[in-house]
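For the numbers below, each heavy atom of this structure counts, side chains included, while hydrogens, waters and symmetry mates do not.
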Amino acid sequence: MSKTDGYRAMGAKRVELRVVTVDIDTARERNTARAAKTGRLVQEHALIGGHKGVSKNFETYASSGKWDTVTVTDTNGPKAKKIFEITPSGERKVLDQAAYDKFIDKQNYTGK
């Protein structure tokens, strides 16, 4: 969040928070597949911790007023879909309640 203040101080007129989510087990599978293909492997504790942390702290991020817009996009299905947004006017919209609840619940992930 502190980076946002820096962007504004450097003259940014618009700052957006865009979150992309996927189930943690799917992220783990994608991480392994990507590593096999490219050699880039995110350490499992960092991957899981990142997912859990964003979900745990999302309400703080979303309510902070630091961003002009906020979106959460779910990439679990065959096509990515926006599940949450805060518009430039400040209107808060949950576009898919079940998917949004699943995103927030990732903070409670305990593994397979």
Q: I would like to know whether Glu85 and Val70 meet side chain to side chain contact (heavy atoms under 4.5 Å, CB included); could you show each step before the answer?
A: CA-CA 5 Å; Glu85 70 179 343; Val70 177; over 6 Å; no
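Note that NZ of Lys79 is 12.0 Å distant from OG1 of Thr73, once rounded to the nearest 0.5 Å. Interatomic distance, CD of Gln97 versus NZ of Lys102, reported as 14.0 Å (0.5 Å rounding). Atom CD of residue Glu16 and atom OG1 of residue Thr69 lie 3.5 Å apart, to the nearest 0.5 angstrom. Expressed to the nearest 0.5 Å, how far NZ of Lys106 lies from OG of Ser55 amounts to 4.5 Å.
Listed for the Lys52 side chain is a donor-acceptor partner under 3.5 Å among the backbone atoms of Tyr109. Under the 3.5 Å distance criterion, the side-chain polar atoms of Asn76 are matched with a main-chain donor or acceptor of Asp23. Side chain of Asn57 to main chain of Thr60: no donor-acceptor pair is present (N/O by atom type, distance under 3.5 Å, no hydrogens or angles). Side-chain N or O atoms of Thr75 include one that pairs as donor or acceptor with a backbone N or O of Thr21 at under 3.5 Å. A donor-acceptor pair under 3.5 Å is formed between the side chain of Thr38 and the backbone N or O of Arg34.
Put simply, Val72 and Val94 are part of the same group of oily side chains (I, L, V, M, F, W, Y) that touch within less than 4.5 Å, one to the next. No chain of hydrophobic side-chain contacts below 4.5 Å, direct or via other Ile, Leu, Val, Met, Phe, Trp or Tyr residues, connects Leu95 to Val22. Val54 and Ile24 sit in two unconnected hydrophobic clusters of ILVMFWY residues. Membership requires side-chain heavy atoms under 4.5 Å apart, directly or through other members. Both Tyr7 and Val19 belong to a common hydrophobic cluster when Ile, Leu, Val, Met, Phe, Trp and Tyr are linked at side-chain heavy-atom distances under 4.5 angstrom.
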Side-chain donor/acceptor pairs under 3.5 Å, residues 40-47, sequence neighbours excluded:
{"residue": "Glu44", "atom": "OE2", "partner": "Arg28", "partner atom": "NE", "Å": "2.6"}
{"residue": "Glu44", "atom": "OE2", "partner": "Arg28", "partner atom": "NH2", "Å": "2.6"}

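Scanning for side-chain contact (heavy atoms from CB on, under 4.5 Å) contacts around Thr4 gives Val15, Lys66, Trp67, with sequence neighbours left out. With sequence neighbours excluded, the residues satisfying ring-ring contact (aromatic ring centres under 6.0 Å, His included) with Phe58 are Phe84, Phe103.
Between Tyr100 and Ile104, the closest side-chain pair of non-hydrogen atoms falls below 4.5 Å.
Counting all heavy atoms, side chain and backbone alike, Glu59 lies closest to Arg92 at OE1-NH2, 2.6 Å. Residues Ser64 and Met1 approach most closely at CB-CE, 3.5 Å, considering heavy atoms.
Residues Asp25 and Arg30 are not paired through a salt bridge, judged by the lack of any N-O separation under 4.0 Å between the basic side chain and the carboxylate.
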